[in-house]
Amino acid sequence: MLILGIDTSCDDTAAAVVEDGNKIISNIVSSQDEIHKKYGGIVPELASRRHTELIIPVVNEAMQRAGVDFPDISAISVSYGPGLIGSLLVGVCFSKALSFVRNIPLVAVNHLEGHIFSIFLEAKPEFPFIALVVSGGHTSIYRVNGFGDYSELGRTRDDAAGEAFDKVAKLLGFGYPGGPVIDAIALKGNRKAVNFPKSLLREGLDFSFSGLKTAVMNHIRTSDEIKKEDIAASFQDSVVEILTIKALEAAQANGIKRIILSGGVSANSALRASIKEKAAEAGLEVYLPSVRLCTDNAAMIASAGYHHFINGRMADYTLNPKAYLPL
Ligand code: KG4
Ligand code: ZN
């Protein structure tokens, strides 16, 4: 069974064809990084305008690469939130129109659920598991009991982890997105050079990253001489330790043996190494999607959509995007 996935929740226009929820047939992501780079962050209006230009070519390319035509598609799965409202609107309106014109059932997926489902494109973790979703817009920990059965155990009280990476990169004069740049620069720095705060480290499963960002800003302002690679490495070290400790704590407190990571920040090489090491020490299993499936893509939306579809959970044409949409 083939599902066409569509994601326009943020600044990537993405379409993918996935078979039976776990086999990627095609996966196209058209990045807008070049457009937003000079602003040091995403400009929502520019993102939605670009989605309108890219949505048809990106969907066509996903179909062509898969070597399929619309009669072969069993359902269209679109992410309808959370995200930037103008961006989401493009994907949702396009999907509704395509569903209507081609008479293909429509399925609505929460973008965060998509991130969790990215792991099923490469592995088959048993339920229940702990999911750490760390992206540019979200940082949350969920207990996942089964398909569609999630409970949030903790969330950020202010900035998302990816947002902190992007803001610190901007302070250091690096481009957008900041995560991959900091990841690369940090390799050349000393992660113990600056002792940045680790907010809420031992205080439950909520996160807070805005104090850390402010501490980096103050350090840059008050230091006579700064070494960017040391600041990048020290900042990253704080984020990695917080994320690792909380993910492990969630698993141990819930008596769960498996942790999955997802979202753009889970592409971070230091985080991947840290969580693998600490989980092994604690006797826990860790599932990491490959880097291309950590960041936004539509294969994960098709994967989640497949499970909605086979369980009869279809959307109708009253579907509207939602900027705020808890899982
Ligand atoms: O999941 P994603 O593509 O989009 C959202 O749903 O937000 O995540 C994008 C975020 C950005 O903040 C980006 O800086 C961060 O993921 N990111 C990384 C890395 N690659 C992407 N953060 C740290 N290290 C990386 N290697
Ligand atoms: Zn995302």
Side-chain angles (χ1 to χ4, degrees), residues 5-14 16 27 29-33 36-37 39-42 44 47 51 78-84 87-88 91 109-119 131-140 155-156 159-172 174-187 189 191 209 212-213 232-233 235-244 260-275 288-301 303-304 323-325 327:
I6 294 177
D7 187 277
T8 61
S9 57
C10 195
D11 61 334
D12 293 317
T13 317
N27 188 20
V29 180
S30 180
S31 158
Q32 301 182 9
D33 287 352
H36 304 284
K37 208 175 222 163
Y39 303 102
I42 299 163
H51 282 309
V78 63
S79 54
Y80 73 111
L84 300 172
S87 291
L88 288 163
V109 165
N110 182 309
H111 179 80
L112 301 173
E113 185 179 33
H115 273 302
I116 294 173
F117 272 76
S118 57
I119 197 63
L132 174 66
V133 181
V134 262
S135 70
H138 301 90
T139 298
S140 293
R155 63 183 316 165
T156 183
D159 292 352
E163 193 179 349
F165 269 96
D166 295 333
K167 286 178 176 169
V168 166
K170 193 172 178 183
L171 290 170
L172 291 172
F174 304 142
Y176 172 85
V181 190
I182 291 194
D183 194 346
I185 302 274
L187 293 173
R191 66 192 175 94
F209 293 107
L212 172 58
K213 171 198 67 193
F235 156 77
Q236 180 176 273
D237 191 58
S238 283
V239 178
V240 165
E241 187 174 341
I242 295 164
L243 294 176
T244 304
I260 75 125
L261 257 61
S262 60
V265 179
S266 56
N268 185 268
S269 59
L271 175 61
R272 294 170 83 88
S274 160
I275 200 134
L288 296 165
S290 56
V291 168
R292 77 185 172 118
L293 295 177
C294 289
T295 46
D296 285 351
N297 65 84
M300 66 187 197
I301 304 300
S303 174
Y324 175 73
L325 183 66
L327 189 57

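Whatever order the structure lists ligands and atoms in, that order sets their numbers, starting from 1.
- Under a 4.0 angstrom heavy-atom cut-off, His115 registers as being in contact with ligand 1.
- Distance check: Leu261 CG to Leu271 CG gives 5.5 Å after rounding to the nearest 0.5 Å.
- Proximity annotation for atom 11 (C) of ligand 1: of Val291, Asp11, Asp166, Thr139, Asp166 comes nearest, heavy atoms only.
- Leu293 CG to Met300 CE: the interatomic distance, rounded to the nearest 0.5 Å, is 9.0 Å.
- Close approach to Gly137 involves these atoms of ligand 1, each under 4.0 Å from a residue heavy atom: 7 (O).
- Using a 4.5 Å heavy-atom cutoff, the side chains of His115 and Asp296 are in contact.
- When Ser9, Gly162, Gly179 are checked for heavy-atom proximity to atom 18 (C) of ligand 1, Gly179 turns out nearest.
- Taking every non-hydrogen atom of Ser135 and a distance limit under 4.0 Å, the qualifying atoms of ligand 1 come out as 1 (O), 5 (C), 6 (O), 7 (O), 8 (O).
- To the nearest 0.5 Å, the span separating CG on Asp7 from OG on Ser79 amounts to 3.5 Å.
- Using a cut-off of 2.8 Å, one finds that His115 contributes an N/O/S atom close to the Zn ion (ligand 2).
- Across all non-hydrogen atoms, the minimal contact from Thr8 to His51 is O-NE2, 3.5 Å.
- Among the backbone and side-chain atoms of Asp7, no N/O/S atom is found under 2.8 Å from the Zn ion (ligand 2).
- Protein heavy atom closest to atom 7 (O) of ligand 1, with residue, atom name and distance, is Gly136 N, 2.8 Å.
- Distances between N or O atoms of Thr295 and those of ligand 1 include no value under 3.5 Å.
- Of all the atoms in ligand 1, the ones that sit under 4.0 Å from a non-hydrogen atom of Val265 are 16 (O), 18 (C), 22 (N).
- Scanning all heavy atoms of the two residues, the minimum distance from Val29 to Asp12 falls at CG1-CB, 3.8 Å.
- Nearest to atom 26 (N) of ligand 1 among the protein's heavy atoms is Asp183 OD2, 2.9 Å.
- At a heavy-atom distance under 4.0 Å, no atom of His138 approaches ligand 1.
- Distance CD1/Ile42 to OG/Ser87: 8.0 Å, rounded to 0.5 Å.
- When all heavy atoms are compared, the tightest approach of Arg272 to Cys294 is NH1-SG, 3.5 Å.
- Looking only at protein heavy atoms, the nearest one to atom 6 (O) of ligand 1 is Asp296 OD1, 3.1 Å.
- Atom 19 (C) of ligand 1 has as its closest protein heavy atom Gly264 O, 3.5 Å.
- Across all their heavy atoms, Ser135 and Ala160 have their closest contact at O-CB, 3.6 Å.
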Original post:
Passes side chain to side chain contact (heavy atoms under 4.5 Å, CB included), Thr156 versus His138? Steps please.
Top reply: CA-CA 7 Å; Thr156 183; His138 301 90; over 6 Å; no
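- The shortest side-chain heavy-atom distance between Phe209 and Ile242 falls under the 4.5 Å cut-off.
- One of the N, O or S atoms belonging to His111 lies under 2.8 Å away from the Zn ion (ligand 2).
- The nearest N/O/S atom of Asp296 to the Zn ion (ligand 2) is OD1.
- For the atom pair Glu113 CD and Phe117 CZ, the distance stands at 5.5 Å (nearest 0.5 Å).
- Ligand 1 does not have Cys10 within reach: every non-hydrogen atom of the residue lies 4.0 Å or more from it.
- In this structure, the protein non-hydrogen atom closest to atom 24 (N) of ligand 1 is Asn268 ND2, 3.0 Å.
- In the vicinity of Pro177, heavy-atom distances shorter than 4.0 Å reach the ligand 1 atoms 14 (O).
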